[in-house]
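Heads up: the structure comes next, in structure tokens.
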Amino acid sequence: MVELDAVAVSWDGRTTAQREEDPMQQICLVLPVSSGRGTNARDFMQELEESRKQDYARSEERIGITKEVWYLAPLPAGEVLVAYMETEDFGKALGLFSESRDDFDMWFKRRLADATGVDLNDPPEMTLPELLSSYSATPAPVQ
């Protein structure tokens with residue numbers, strides 16, 4: 001099991017006051033796509049967006065992910081999947097997802113493993129990317 005609780009809390013770069021104001025952790029995962037599996041990654045995400053959208057929403061809600069965005073990025077060394085997530089507790093969300101045997105969750109983990117070789121049933125140890133800068137617009141005060 002990946003021990004990300006402490007990493008995720010310190011990784012998000014927020015002060016204690018900022019955490020009290022907005023308890024969401026901002027998480028970024030970068031997963032190399034296995035050689036020749038870029039089309040597989042695109043097909044996986046297309047199916048996720050089309051026929052699996054309701055199951056996806058139900059899963060995310062159950063594990064506490066409030067926002068999740070996926071990108072496929074080309075790099076000189078090959079393609080990578082980049083996932084951006086927002087949650088109150090990434091370690092807890094990852095644990096719930098890893099342990100889940102829900103049909104959709106198992107499908108998602110199998111498709112992700114097919115594209116990247118990463119098995120989220122037993123996540124590898126990983127270090128999350130370091131947050132260096134973040135901007136959010138603040139709402140204008142109500143007059």
Side-chain angles (χ1 to χ4, degrees), residues 1-140:
M1 178 61 82
V2 180
E3 295 182 26
L4 294 175
D5 287 350
V7 174
V9 171
S10 62
W11 169 83
D12 68 8
R14 297 178 296 160
T15 66
T16 302
Q18 289 169 320
R19 281 194 191 96
E20 289 170 3
E21 182 179 307
D22 180 10
M24 286 293 141
Q25 294 177 345
Q26 298 174 334
I27 305 301
C28 184
L29 296 177
V30 180
L31 304 170
V33 173
S34 299
S35 181
R37 305 297 288 175
T39 298
N40 180 279
R42 282 185 189 82
D43 291 346
F44 166 37
M45 291 296 146
Q46 183 176 355
E47 188 175 348
L48 186 64
E49 283 297 306
E50 293 174 357
S51 63
R52 302 275 187 160
K53 194 72 167 182
Q54 288 182 330
D55 292 332
Y56 185 30
R58 182 181 47 80
S59 174
E60 298 292 84
E61 186 174 308
R62 183 176 39 78
I63 66 172
I65 301 289
T66 58
K67 183 173 190 170
E68 186 168 298
V69 181
W70 288 88
Y71 300 88
L72 183 63
L75 296 177
E79 295 174 304
V80 294
L81 276 174
V82 179
Y84 169 81
M85 297 169 213
E86 292 179 4
T87 181
E88 289 183 8
D89 187 338
F90 181 68
K92 179 180 177 183
L94 180 61
L96 288 170
F97 188 69
S98 295
E99 295 168 6
S100 175
R101 296 301 173 248
D102 173 83
D103 287 342
F104 170 81
D105 294 349
M106 294 301 288
W107 169 85
F108 187 102
K109 291 184 275 189
R110 184 176 60 253
R111 291 299 304 267
L112 185 68
D114 287 347
T116 66
V118 175
D119 180 4
L120 289 183
N121 287 304
D122 185 23
E125 286 200 30
M126 63 180 89
T127 301
L128 296 173
E130 180 182 1
L131 177 64
L132 299 178
S133 177
S134 179
Y135 167 80
S136 292
T138 53

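We count residues from 1, following the sequence as given. Computation of the quantities below employed the complete heavy-atom set of this structure, encompassing side-chain atoms and omitting hydrogens, waters and symmetry-equivalent molecules.
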For Cys28 and Leu128, the nearest pair of non-hydrogen atoms, with its separation, is O-CD2, 3.8 Å

Can you name the closest pair of heavy atoms from Leu72 and Gly38 and give their distance? CD2-O, 4.0 Å

Within the structure provided, determine whether Lys53 and Leu48 are in side-chain contact (heavy-atom separation under 4.5 Å). no

Say whether, by atom type as modelled, one donor and one acceptor occur between the side chain of Gln25 and the main chain of Phe90 under 3.5 angstrom. yes

Would you say the side chains of Glu49 and Tyr56 form a donor-acceptor pair under 3.5 Å? no

Please report the closest heavy-atom contact between Ile65 and Lys67, naming both atoms and the distance. CG2-O, 3.3 Å

Is the side chain of Lys109 donor-acceptor paired with the backbone N or O of Ser98 at a distance under 3.5 Å, no angle test? yes

Residues Glu79 and Arg42 bridged, charged N to O under 4.0 Å: yes

Side-chain donor-acceptor contact under 3.5 Å, Asn121 with Arg110: no

For residues Ser100 and Arg62, report the shortest heavy-atom separation together with the two atoms involved. OG-NH2, 3.7 Å

Please identify each residue that fulfils ring pair (Phe, Tyr, Trp, His ring centres under 6.0 Å) with Phe97, with sequence neighbours left out. Phe108

Separation between CG (Asp105) and CG (Leu120), nearest 0.5 Å, reads 10.5 Å

Carboxylate-amine/guanidinium contact Arg111 Asp43, below 4.0 Å: no

Please check if atom OH in Tyr84 has more than 12 non-hydrogen atoms from other residues, nucleotides or ligands closer than 6.0 Å. yes

Worked check of side chain to side chain contact (heavy atoms under 4.5 Å, CB included) between Lys92 and Leu96: CA-CA 6 Å; Lys92 179 180 177 183; Leu96 288 170; 4.1 Å; yes

So which heavy atom on Gly117 is nearest to which on Ser34, and how close? N-OG, 3.8 Å

Residues forming a side-chain hydrogen bond (donor to acceptor under 3.5 Å, both in side chains) with Thr116, sequence neighbours excluded: none

Using the benzene-type ring in the case of Trp, are the ring centres of Phe44 and Trp107 under 6.0 Å apart? yes

Would you mind reporting whether Glu86 and Ile27 have side-chain heavy atoms less than 4.5 Å apart? no

Working note: Met126 + Leu29, criterion side chain to side chain contact (heavy atoms under 4.5 Å, CB included); need CA distance, chi angles, decisive distance, verdict. CA-CA 9 Å; Met126 63 180 89; Leu29 296 177; 3.9 Å; yes

Considering all heavy atoms, the nearest Leu81-Val33 contact: N-CG2, 3.8 Å

Taking the side chain as every heavy atom from C-beta outward, state whether Asp103 and Met106 have any pair of such atoms under 4.5 Å apart. no

